[in-house]
There are 2 protein chains.
Amino acid sequence: MTATTAIAPSAATIEAIKQKAKRLSILSMMSTTAAGSGHPTSCMSAAELVAGTFFYAMKFDPKNPNSPDGDRFVLSKGHAAPVLYAALAEAGVFPESRLMTLREFSSELEGHPTPRIPGVDAATGSLGQGLSVGSGLAIGARMDKNPTRVYVLMGDGEMAEGQVWEAAAFAARYKLDNLTVLADVNALGQSEPTMYRHDMEIYRKKFDSEGWATEIIDGHDVAAVLAALDHAKAISGQPQAILARTIKGHGVSFLAGKEHWHGKPIPKDQLAAAIKEIGPAIDLPPDPGKSYARTSLPKPPNFPPPAPPDYDPSKPVATREAYGFALKRLGAVNPHIVAISGDVKNSTFSEIFEDAFPDHFYQGYIAEQNIVSAGVGLAARGKVPFLDTFACFMARAYDQVRMAAISRSNINLCGSHCGVSIGEDGPSQMALEDIAIFRAVHSSTVLYPSDAISAERLTEVMAGRPGINYLRTSRPKFPIVYPKDEKFPIPGFKVLRQSPQDQVTVIGAGVTLHEALKAADQLRAEGTAVRVIDLYCVKPIDGKELAKEIAATGGRLVTVEDHWAEGGIGEAVLSALAQASVAPAKSQLIAVREMPHSGKPDELVDAFGISARHIVEAVRAIL
Amino acid sequence: MTATTAIAPSAATIEAIKQKAKRLSILSMMSTTAAGSGHPTSCMSAAELVAGTFFYAMKFDPKNPNSPDGDRFVLSKGHAAPVLYAALAEAGVFPESRLMTLREFSSELEGHPTPRIPGVDAATGSLGQGLSVGSGLAIGARMDKNPTRVYVLMGDGEMAEGQVWEAAAFAARYKLDNLTVLADVNALGQSEPTMYRHDMEIYRKKFDSEGWATEIIDGHDVAAVLAALDHAKAISGQPQAILARTIKGHGVSFLAGKEHWHGKPIPKDQLAAAIKEIGPAIDLPPDPGKSYARTSLPKPPNFPPPAPPDYDPSKPVATREAYGFALKRLGAVNPHIVAISGDVKNSTFSEIFEDAFPDHFYQGYIAEQNIVSAGVGLAARGKVPFLDTFACFMARAYDQVRMAAISRSNINLCGSHCGVSIGEDGPSQMALEDIAIFRAVHSSTVLYPSDAISAERLTEVMAGRPGINYLRTSRPKFPIVYPKDEKFPIPGFKVLRQSPQDQVTVIGAGVTLHEALKAADQLRAEGTAVRVIDLYCVKPIDGKELAKEIAATGGRLVTVEDHWAEGGIGEAVLSALAQASVAPAKSQLIAVREMPHSGKPDELVDAFGISARHIVEAVRAIL
């Protein structure tokens, strides 16, 4: 990293930070020993880095530690939570006595950071995600023309995660010079030494190859830490990596650099000796006080209603294309919207939004993990991220979606090209599990439009809805089903065919809704009336409302979906009915049950068992 | 890359490979135009690389193209399938006329490669996975003391995927000098130019930083391609990367280096002109002939029965620990077993296997994506991979598991630390979605043992069972439930409490089975008999057999699981019953429904609604 003309910190400042670092180490040991579990040695390697960052480099208001007007800190190595909590306490966010509740049932100070804790923007603990979150925070700050900085503390073990290098490339691509990584290279993983141990030059080469400014320091030399933090602030046009050689368990002779101490608290009878080696000891009042848990978390900002969608009702349109038009309409009224695409904007149609609002669009390249976690960072700054790729590749970022839910994040994901109805590209491009995996995310909403109007309206709904919102769009063009002012409440469904003579309820969505409508027409011609329901909202489902429809058709139910049977629409419906204490008298769950292959969309929809013909057969089977 | 003393290829050889490359380009254009979809320009950038690899460097038997005694080729950029198929046809694996069936319903030549195609070991098409697969193949060859080589063709767009760099680090760590990457750097992604365009030095720096031997060439200069392939063979102790500057759509003036041609076939009326620019034209017979689809895919090798497990029935044991003991017992009788752990071998207990069979254990570090895809490579060579990490981090490799299923791979995954019962570490470390996601994988088996004996026996079952096998293990110690010679068929379940007076069937697994047994004891004391079932196999389920049990208890059902409600045990049971045309008269599905936090295991099991107390309440509610 280039040397700068910044005034060097005074000896008194250096001494003060040294003392802070000692306190952070001691508090990390004390709190984990009190908890009986945790990772003190992983905290001790980072104590000087954290002390220097919090008490020398960062500017933030401890009374309002999540304010977007303060510098942000992301603890990517989430298992070092106690050192972060200690720093927050030392900064005055909450009293130090609170640290002794670490990991208790009633405490906000969880084993790994979550946004329940003041000062934390995103949950960490699944390694290798923090730099992506930090990139999103840094982009958000830049969009806000806010001069704050973002610091990300990473471990060396987690740099084996590919996502770290996706994020490093992304941050350099967008020249995020308001972003600084502190790499705590303590050379020991959980189970054995890391791949590169203390070979600092390898880490330098890796960050250098991505276009970062780098500096290698002794991470326990406070003067070096502060100088590197100064150097980083002076860099423009590049993100900066401070690569710190550290010792796990630093400061305590029986821990320092020793294997087999990962994730182990210091036994009570050794704690005093350990503290004495670092000293001076810290006395804390016995009463830990009340919870400081954050009571309100960011919600998507309000926005005025956009212009209505407009389509020629006679012309079929793909729901994936409608998504792009909806984003553009939203962009005109909601300045917080940001879109990131995984090099598929011309397939998912987020390019329509990019063309209209190029400053609100980011090319995420083929790096889905980074895209989702960067979205979490953006959302933590109050942005409304819309993240897109093919629905099947959402699987690539599923751990990141899982962590987004633990982060109580508000992100919107659009997965296009669902199911066998994509046709010729074959099974690697067909999402047949996306409903299952997004349903199994806490706070998720799973939307599956069947025409352009519902796709547009549901995209509008997502922009204002908290939590993890997933929109499943389709490749084929579908006929327009709804008038342009139709409303789509959550939860909800639409009854598209009904009569007092209905004998079976058929539930579909997307391509299978259109197959169900065909089947209904054919059955009607044969004298059998069926009720057809568009389950545009697959999660949540109002089981009581749905049960009324099924009851009205003699308790007979057919579900049909372009998805595996497991975790899909059929199971979602059965589960919602069970929650409403109802069981269908007779049911047929039609889904894809064999591994598909290439072919034309219509051929595949029929060959893999989800076409009108199969719906007709299923209805007949339960009459 | 170091120059070598290999004899340079003759001018005649170079000319012959040039002609092969032209044929590959032309056949790629012809087949995609015939199909009406596909990615000809992505094939044309790679034509010389593929021709040089197949017809100069590789040794393999076209009559037995999947033989482990031949060199292996992995097309990581799976959308360039037509150029691979053309090379296989030119090599004599099947007739060229067959290429004209590309992407047809009845053809084995799918839009992206799958192992239905002779010569293909693993499905590709989700980008960035091929190098990991290749690493697994290369490790397998080395374990077999087989001198064959592995070639992986990658695109530049896919090098944005972090998994590529996980694999690069892994291959260098294990000094896989039998592994060569050909990087087709054509500078154009799907939607716009790649991040680094033609900056070849960046790619060199990236591979160099990982410890690879590198060489930059003009990818359309056949002499340079062949020389680089020779150089690569001469390198020892390092994997090699041939970084080839190429032009997308090379050879045809209106395609070469042009944007907006990605994934588009050449229109029929422009095809002749395009072919003429490369020439000479190729005539193919009109009859494409019969399918050459592989009829048999690798199955796990047979092995003699291992020694039985042995436990003191009075001492509780964690199922995660039993997994380690089982692997060790298996290793003694099955030389094909290989274990890879994501730096958690001391938590998942694969270290027990490592201690016994260090040459069959690989440290995968914190890089779950690479671990799973490397497992696919190992399985393609007939190994029996067991891959482990915390169950929650299996989510990190879900796309790789999805692709493993499309690869018809036989891999075994063990996820430890499931559910809220892990306790203090908090939600980032709790798998609450793993049953849902593994159920939604084609060919998967989902196993969830409740004691050490079943954990051991189910691990044995996995070693011999085709497909994607997932074992969910738990952190707490559980009492021994079964005698050591108990059998655990797939599908299957165990009835642990039953009497003619049973009024409700309670189904649990893992920690909730033990809670269900407690609940049954308490209810019995109150005069209510319930049937308790251990659903050790969550997928597949024999719905008819299970329906008999539920029918015997008046159609009353309670399921209870340490997992989200969505896609878990409750829905699996309802779905299996629906498939058997049965619906429970009354049911209660108990699952985790709120975001958990830190606390003691028992506190959390109770607070999040899945303890004996809640089971008792649920039973009472439906009596």
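Throughout, protein chains are lettered first and strands after them, A, B, ... in sequence-line order, and every chain is numbered starting at 1. Values in this document were obtained by computation on a predicted structure and should not be read as measured data.
Here the side chains of B:Phe105 and A:Lys600 are not in contact, with every heavy-atom distance at 4.5 Å or above. Between A:His39 and B:Asp425, the closest side-chain pair of non-hydrogen atoms falls below 4.5 Å. For the pair A:Ser191 and B:Glu351, the minimum side-chain heavy-atom distance is 4.5 Å or more.
Between A:Lys205 and B:Glu210 no salt bridge is recorded (no basic side-chain N to carboxylate O distance below 4.0 Å). A:Lys345 and B:Glu192 are joined by a salt bridge, as a carboxylate oxygen and a charged side-chain nitrogen come within less than 4.0 angstrom of each other.
For B:Met195, the parts sitting under 4.5 Å from any heavy atom of chain A are the backbone and the side chain alike. With a 4.5 angstrom heavy-atom cutoff, B:Gln400 touches chain A only via side-chain atoms. At a 4.5 Å heavy-atom cutoff, the contact between B:Tyr196 and chain A is made by side-chain atoms alone. In this structure, chain A has a heavy atom under 4.5 Å from the backbone of B:Glu158, while its side chain stays farther away. At a 4.5 Å heavy-atom cutoff, B:His260 makes no contact with chain A through either its backbone or its side chain. At a 4.5 Å heavy-atom cutoff, the contact between B:Thr124 and chain A is made by backbone atoms alone. Contacts of B:Glu104 with chain A are made by backbone atoms alone, with heavy-atom separations under 4.5 Å and no side-chain atom involved. Only the side chain of B:Ser37 comes within less than 4.5 Å of a heavy atom of chain A; its backbone N, CA, C and O stay farther away. Contact annotation for B:Arg116: only side-chain heavy atoms (C-beta onward) come within less than 4.5 Å of a heavy atom of chain A. For A:Arg593, the parts lying under 4.5 angstrom from a heavy atom of chain B are both the backbone and the side chain. A:Arg402 touches chain B through its side chain: at least one heavy atom from C-beta onward sits under 4.5 Å away, while N, CA, C and O do not. Interface remark: B:Glu201 contributes no atoms to any contact with chain A (heavy atom separation under 4.5 Å). Contact annotation for B:Lys586: neither backbone nor side-chain heavy atoms come within less than 4.5 Å of a heavy atom of chain A. Neither the backbone nor the side chain of A:Ser443 comes within contact range of chain B, judged by heavy atoms closer than 4.5 Å. For B:Ala169, the parts lying near chain A are the backbone and the side chain together; criterion is any non-hydrogen pair under 4.5 Å. Interface residue B:Gln363: only side-chain heavy atoms are found under 4.5 Å from chain A.
Considering only residues two or more places apart in sequence or on other chains, A:Ala583 meets the side-chain contact (heavy atoms from CB on, under 4.5 Å) condition with B:Ala583. Residues passing the side-chain hydrogen bond (donor to acceptor under 3.5 Å, both in side chains) test with A:Tyr398, sequence neighbours excluded: none.
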Test side-chain contact (heavy atoms from CB on, under 4.5 Å) applied to A:His597 and B:Thr114, step by step: CA-CA 9 Å; A:His597 52 69; B:Thr114 79; over 6 Å; no
side-chain contact (heavy atoms from CB on, under 4.5 Å) assessment of A:Val441 paired with B:Glu433: CA-CA 7 Å; A:Val441 169; B:Glu433 60 291 307; over 6 Å; no
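For the pair B:Glu424 (side chain) and A:Arg103 (backbone), a donor-acceptor distance under 3.5 Å is absent.
Of the inter-residue distances, the one linking A:Glu566 atom CD with B:Ser575 atom OG reads 7.0 Å to the nearest 0.5 angstrom. To the nearest 0.5 Å, atom CD of residue B:Glu368 and atom CD of residue A:Gln163 are 10.5 Å apart.
In terms of heavy-atom pairs under 4.5 angstrom with chain B, the leader among A:Gly128, A:Ser209, A:Gly189 is A:Ser209.
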